[in-house]
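A short write-up of the structure that comes next.
In what follows, chains carry the letters A, B, and so on, assigned in the order in which the sequence lines appear, proteins first and then strands, with residues in each chain numbered from 1. What's counted below: heavy atoms across the whole structure, side chains too, no hydrogens, waters or symmetry copies.
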Amino acid sequence: MSGEVESYRQLPVTVYQIQSKFRDEARPRSGLMRGREFTMSDSYSFDANKELMVLSYQRAFDAYLRIFERLGIPVTPVEAVSGAIGGDVNHEFMAPSLVGEDHYASCSNCGLAANIEAATRRVDVERVDPSSIDAPAPSDVATPDAGTIEAVSALLGVSAAQIMKSIACIDDTGAVTIIVLPGDREARVPHGWRMFDEADFAAHSELKRGFIGPVDLDNVRVVGDLALASAAHPYVTGANRVDTHLINVVVGRDFTPESFASYVVVESGDLCSNCGHEMFLQRSVEAAHTFQLGLHYTSKMKNATFVSEDGSEQPFWMGCYGIGVTRLLAVLAEANHDELGLIWPEVVAPYDVTLLALGAARNEKVAEVAEAAYEALRNAGHSVLYDDRDVSPGVKFADADLLGVPWRVMVGTKGLERSCVEVRSRASGQTTEISLETLLAGQLS
RNA sequence: CGGGGCGUAGCGCAGUUUGGCAGCGCGCCUGCUUUGGGAGCAGGAGGUCCCGGGUUCAAAUCCCGGCGCCCCGACCA
C-alpha cells in the first residue's frame, strides 16, 4: 500500500483477495468446516484516522450482514477476542448450528452477544460486609492428594460452590496474578493473560499446584470474581502448602482482592452485563470475522504511512475482514436443508433450474418438449440441469430434492395432455402449472 | 500428544458378552411385470471376518503384538 497510496486524498482504500489458505490445524474436522486447506475471502481497509476507520469498518460490517442475508444464513455478530491477529474492537459473525465449534452468550432482552471467550456477566447482589459473616479464623485441614475441586469437595464434604478456585496466571503485563472464583464455575482468563505452564510453576515454587490460595500471599496480585464480593459464607481455599487447605476463609477479612470483575465462563442463566436480564448460550459456527486493527500493525512498519492534511507522515488506520468461503458452503448446507436434502439459495445455486423429462423413453412428445425447453431456458439465460435419464419419475423427484436446485420443471405425459408443464419451488414446495408457450419462451411463470 | 470407539460382501451394519454352518439391508447379475414420488415377483453372484502370532477338537468371537480409520480434547486470523 505504501507504493500505491501517498496522500490522505487517496483514502479511504479497501483492497481484497480471494485465496487458498493453509493452516497447520492440529485436528481438521467436520468436512469443510475446518480443513488444512481452504478458500478465504479477505479484505483490508486503510484510513486517515480512527473515526474514518470506524466508518470503513461499519461499511464492511454492513456488507457482511447483507451477504449472509442473501445467502439465507442467519448470523449474529458477536463481540469476540481478537486472538493472534491483534487490534481492539472485533466481531465474529456467528451462524447458529448444532455442529458448531463455538459458543456465544446472548442476552434475551437487549440482544448483546459475545463469544463465550469474551462474555462477561453481572452479579446483582449487594456486596457483603465481611464482619457479618460468622466464622472463626482460618485453620489448616489436611487434604492429601486432593488437588482438584472434586477431590476436596468429596474429602471435606462441602459443595464445589463453597470452595474457592485459585488460578495462577501471567497477566498482560507479565505479572503473576491469582484469579479467585467460585469452585463450581469455570475460569475465564482475560484476553492477553495466560494460565501458568510447567515452567511458571517451576519458577514460582511458593505456588503449589492444586493447593493455591489467596491468603497471606506476598508480592502476588489477587483479583476476584464478582460472585466472591457478595458471598455470605466462608470458603475453603488452598493453603499454598502441599496437601493442605484452609477452611473458614472470609473474603475481605482474611484477604482482599485488588479488584472484582467477571472471571467466570458465562453459563446459561447468568445476567447480562449490559441490562441485567438472563443470557443464554448458543452453539454456533464462525462464518466471518471483522477487526478494527487501528495502528496495531502500521505503527510497527516503516512505510505504512501517508502524507496527511497538515503535511506530516502518518500511519494508516487499518481494518481487516475475512469470510471463510469453503466453510460457508458447509454453513450454507446446515442452514438451508430439510429432510429431503439441500435447498440452495438462488444467489449461490449451481443451477437455477432442473428440468425433468418424465417417461421420455416411452413418449416421444415428452422428449421433444423437454429438449426444446432445455434450449429455450438456456437461451433465456437460465442455467439448467437436465435429467434425461431413463429412470422412474420417483427417482428423478428424489434426486432433484436432494440436489436442491431452486426450480424444478417437470415435463410429462400428464401435463402435456393439457399443453402444460409443472414448475415447483424447492424452497416452498409450491407447484404451479405453466403453459407450453410460456416454457418455450424460456419463462418459468 | 492425551482419552474413547471402530475394523465382517461394493456401501451401511448385526453377530464377539457365553468359541460350534458367514448373516441382514441396500447395491449388483438374469428373467418377467411396472413407469408422475426412491418399483414388484422369482432366481443368482459376491468373504484374507484389518494383519501376524498364540490357546483350543474347533476362533469373526478368547489371549499377545502390530497396522489403519473415526470421534473427543489440546491447537485454531
Close N/O contacts between protein and nucleotides 26-34 of chain B (under 3.5 Å):
none

Pair A/Phe316 + A/Tyr297: ring centers closer than 6.0 Å: no
Complement of B/G52, any strand, by Watson-Crick or G-U distances under 3.5 angstrom: B/C64
Proximity to the side chain of A/Ala398 - top-ranked nucleotide from B/A77, B/G38, B/C76: B/G38
Strand partner of B/C11, provided both Watson-Crick or wobble distances fall under 3.5 Å: B/G25
Selection residues 435-445 of chain A - residue pairs positive for side chain to side chain donor-acceptor pair (under 3.5 Å), sequence neighbours left out: A/Ser435-A/Thr438
Pair A/His204 + A/Phe196: ring centers closer than 6.0 Å: yes
C1'-based separation of B/C1 from B/U48 [nearest Å]: 34 Å
P atoms of B/C63 and B/U17, separation to the nearest Å: 9 Å
Closest to the A/Glu25 side chain, choosing from B/G36, B/C76, B/G38: B/C76
Distance, P atom - from B/G20 to B/A59, rounded to whole angstrom: 11 Å
A/Arg34 side chain, from C-beta outward: closest of B/G38, B/C76, B/G36: B/C76
Contacts of A/Glu286 that satisfy side-chain hydrogen bond (donor to acceptor under 3.5 Å, both in side chains) - sequence neighbours left out: A/His289
Options B/G36, B/G37, B/A77, nucleotide nearest the side-chain atoms of A/Arg408: B/G37
Pair partner, B/G20 [Watson-Crick or wobble, under 3.5 Å]: B/C57
Donor-acceptor pair between A/Thr290 and A/Tyr64 side chains, under 3.5 angstrom: no
Inter-nucleotide P distance (B/C64, B/C21), Å rounded: 25 Å
Proximity to the side chain of A/Tyr44 - top-ranked nucleotide from B/A77, B/G38, B/G36: B/A77
Side-chain heavy atoms of A/Phe306 within contact of A/Gln314, under 4.5 Å: yes
B/C69 - base-pair partner by Watson-Crick or wobble geometry, distances under 3.5 Å: B/G5
Strand partner of B/A42, provided both Watson-Crick or wobble distances fall under 3.5 Å: B/U30
C1' gap between B/G54 and B/C71, integer Å: 32 Å
Pair A/Asp225 + A/Arg188: basic N to acidic O under 4.0 Å: no
Integer angstrom distance from the P of B/G15 to that of B/G19: 16 Å
Whole-angstrom distance between B/C69 and B/G47, as gauged at atom P: 26 Å
Out of B/G38, B/U35, B/A77, whichever nucleotide has its closest atom nearest the side chain of A/Pro393: B/U35
Nearest-neighbour nucleotide for the A/Met40 side chain, B/A77, B/G37, B/G36 considered: B/A77
Sugar-phosphate only, base, or nothing, as touched by A/Asp401 at under 4.0 Å among non-hydrogen atoms: base
Residue A/Arg362, side-chain heavy atoms: nucleotide from B/C76, B/U35, B/A39 that is nearest: B/U35
Residue A/Arg424, side-chain heavy atoms: nucleotide from B/G37, B/G38, B/G36 that is nearest: B/G37
Gap in Å between the two P atoms, one belonging to B/G40 and one to B/G36, rounded: 15 Å
Side-chain heavy-atom pair A/Ser97, A/Val331 within 4.5 angstrom cut-off: no
